[in-house]
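Worksheet: one structure, shown below.
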Amino acid sequence: MAEKRRIKARAVSNVAASKTALIDLPVGPRYHEVTLEHGYSAGTNTVAAAASNITEIRVLVNGRIQRVFSGTQLRDLNILNGTTYDCQGVPNTSPGVSFPIYFAEPWRKDARDQDALAWVTKGFKSFQIEVDISSASTPTLVASCAVDDFQPSVEPSYVTMRRQGVAASGTSFDINSIDKKGLLQQVSLYPDSGGSQAATIVTVRKDGDIIHELTKSSNFALLTNNGMAPTASGRTASIYDLVFDHDDLLNSSVMLQGVKEFTLTVEAASAMSGTLTFIVQRYGPLE
């Protein structure tokens, strides 16, 4: 591991209410994390309100989106790994509320796995973060980074995060739109938009074999017993977090490269409707 530097992101532009702010990050270093800090002068001064005022964050490499989530969803994903990773601060106290985007995941028990997940940017043409800011008045946005200059001798891989949606219908339906590539680490399924119905059972089939078949309570026990915090205060209620590397081992992720069929069957106690949003995390090449 190389010596880390903690530096300010200096190229932050277009910070204004109802606008998209742009953070241009220098290419070359290896990034362990980028922390956004967002504040404003009016409105509800809570972490949850600050998260809601960030309607979308996009991490882009060479102009292509590699991670996408709202401020609330970023908070949900972080807190799942423990409340110590929650946002800190209040919106009307400078510099505001922190929103850490972790590349090297600090919750990993194996220091080598944690370090291996840092993002190597040598060879990138551009590395940017776009932040859609909602209507709270006089918003502020600053960013800082933890970086080093280590360059691996092998082709690097990256954890990408894609947000998808599927029409929710009835008490059981299938999701088969997850791209079959890379190593699948996690799928976080939100309640449907029609009636806030949550998944009560999720079954996963890979080329006909069942690899996951747990009720929400059994899945909660599995995650909690492995040090995760699926129902921690501050998270959106009733997310079903399907975590394949719940044991903290990268090799527990599910290889999807070359797979012919991969299906999630979502069941709920009452009929679902509207759209079910889910966030897919995978480890592999960039998009």
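The residues of the chain are indexed from 1 along the displayed sequence.
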Within the structure provided, determine whether Asn62 and Ser126 are in side-chain contact (heavy-atom separation under 4.5 Å). yes
Minimum-distance pair of heavy atoms, taken over all atoms of Tyr283 and Ala116: OH-O, 4.2 Å
Within the side chain of Arg10, is there an N or O that forms a donor-acceptor pair under 3.5 Å with the backbone of Lys8? yes
For Gly234 and Ile79 the tightest heavy-atom approach is C-CD1, 4.0 Å
Is there a side-chain contact between His246 and Leu222 in this structure, where contact means two heavy atoms from C-beta onward sitting under 4.5 Å apart? yes
Whether Gln128 side chain and Asp24 backbone form a donor-acceptor pair below 3.5 Å: no
Output yes when a side-chain donor or acceptor of Asn45 lies under 3.5 Å from a complementary backbone atom of Val90, and no otherwise. no
Apply side chain to side chain contact (heavy atoms under 4.5 Å, CB included) to Tyr158 and Val120, showing your working. CA-CA 8 Å; Tyr158 303 84; Val120 177; 3.9 Å; yes
Go through the steps to decide whether Arg6 and Glu33 satisfy the test salt bridge (charged side-chain N to carboxylate O under 4.0 Å, His left out), and finish with yes or no. CA-CA 10 Å; Arg6 296 153 188 87; Glu33 67 181 77; over 6 Å; no
Nearest 0.5 Å, please: how far is CG in Asp149 from CZ in Arg5? 4.0 Å
Test item: Pro139 and His38 side chains (from C-beta on) under 4.5 Å apart, heavy atoms: yes
Once the angle between the rings of Trp119 and Phe103 is folded into 0 to 90°, is it parallel (under 30°), tilted (30 to 60°) or perpendicular (over 60°)? tilted
Can you hop from Leu36 to Tyr40 via hydrophobic side chains spaced under 4.5 Å? no
Would you please test Ser70 and Thr72 for side-chain hydrogen bond (donor to acceptor under 3.5 Å, both in side chains) and show each step? CA-CA 5 Å; Ser70 68; Thr72 298; 4.7 Å; no
Any idea which heavy atoms bring Asp245 and Ser252 closest together, and the distance? CA-CB, 3.9 Å
Would you confirm whether Lys206, through its side chain, and Met255, through its main-chain N or O, come within 3.5 Å as a donor-acceptor pair? yes
Taking Thr200 for its side chain and Glu267 for its backbone only, find out whether a donor-acceptor pair lies under 3.5 Å. yes
Side chains of Thr263 and Asp174: do they bring a donor and an acceptor to under 3.5 Å? no
For Lys260, does its backbone N or O pair with a side-chain atom of Asp207 as donor and acceptor, under 3.5 Å? yes
Under a single-linkage definition using a 4.5 Å side-chain heavy-atom cutoff for Ile, Leu, Val, Met, Phe, Trp and Tyr, are Tyr102 and Leu250 assigned to the same hydrophobic cluster? no
Indicate the ring-plane relationship of His212 and Tyr240, choosing parallel, tilted or perpendicular according to the 30° and 60° boundaries. perpendicular
First locate atom CG of Asp248, then atom CD of Glu105, and finally report the distance between them rounded to the nearest 0.5 Å. 8.5 Å
What closest approach, in Å, do Pro91 and Thr46 show between heavy atoms, and which atom pair accounts for it? CG-O, 3.4 Å
Determine the minimum heavy-atom distance between Ala9 and Leu25, stating which atoms define it. CB-CD2, 3.9 Å
So Val266 and Phe278, do their side chains get closer than 4.5 Å, heavy atoms only? no
Look only at the side chain of Tyr31 and the backbone of Ala104, and say whether a donor-acceptor pair between them is shorter than 3.5 Å. no
So, Arg235 side chain and Pro230 main chain: donor-acceptor pair closer than 3.5 Å or not? yes
Rounded to the nearest 0.5 Å, what separation is found between the CE atom of Met228 and the CG atom of Asp247? 10.5 Å
Would Asp148 and Arg30 count as a salt bridge (charged side-chain N to carboxylate O under 4.0 Å, His left out) if you check the C-alpha gap in whole Å, the side-chain angles of each, and the deciding distance to 0.1 Å? CA-CA 5 Å; Asp148 65 30; Arg30 188 176 65 147; 2.7 Å; yes
In Å, rounded to the nearest 0.5 Å, how long is the span from CG of Asn251 to CG of Asp110? 10.0 Å
Given Leu276 and Ile175, is the side chain to side chain contact (heavy atoms under 4.5 Å, CB included) satisfied, shown in steps? CA-CA 10 Å; Leu276 185 146; Ile175 298 173; 4.3 Å; yes
May I have the step-by-step check of side chain to side chain contact (heavy atoms under 4.5 Å, CB included) for Leu80 and Val243, ending in yes or no? CA-CA 10 Å; Leu80 176 61; Val243 184; 4.2 Å; yes
Is there a chain of hydrophobic side chains (I, L, V, M, F, W, Y, each step under 4.5 Å between heavy atoms) that links Leu223 to Leu264? no
Can you check whether Glu287 reaches Ile65 side chain to side chain, under 4.5 Å on heavy atoms? no
State, yes or no, whether a side-chain contact exists between Arg282 and Val280 at a heavy-atom distance under 4.5 Å. yes
Would you say Phe99 and Val159 are hydrophobically clustered, going by side-chain heavy atoms of ILVMFWY under 4.5 Å? yes
Taking the side chain as every heavy atom from C-beta outward, state whether Ile129 and Ile57 have any pair of such atoms under 4.5 Å apart. yes
So, Asp192 side chain and Thr275 main chain: donor-acceptor pair closer than 3.5 Å or not? no
State, yes or no, whether a side-chain contact exists between Ile133 and Asn53 at a heavy-atom distance under 4.5 Å. yes
Checking Asn219 side chain against Asp241 main chain: does a donor-acceptor pair fall under 3.5 Å? yes
When rounded to the nearest 0.5 angstrom, what is the spacing between CD in Gln197 and OG in Ser273? 8.0 Å
Taking a hydrophobic cluster as the set of Ile, Leu, Val, Met, Phe, Trp and Tyr residues connected by side-chain heavy atoms closer than 4.5 Å, whether directly or through intermediates, do Ile54 and Val68 fall within one such cluster? no
Nearest 0.5 Å, what's the CD-OG1 distance between Gln164 and Thr277? 10.0 Å
Kindly determine whether Ser172 and Thr265 satisfy side chain to side chain contact (heavy atoms under 4.5 Å, CB included), including the steps that lead there. CA-CA 7 Å; Ser172 178; Thr265 300; 3.7 Å; yes
Could you report the tightest heavy-atom contact between Leu77 and Ser188, atom names first, then the distance? CD2-OG, 3.9 Å
Before you tell me yes or no, could you show the steps for Asp115 and Arg108 under salt bridge (charged side-chain N to carboxylate O under 4.0 Å, His left out), namely the whole-Å CA-CA distance, both residues' side-chain angles and the distance that decides it to 0.1 Å? CA-CA 9 Å; Asp115 191 63; Arg108 295 278 176 182; over 6 Å; no
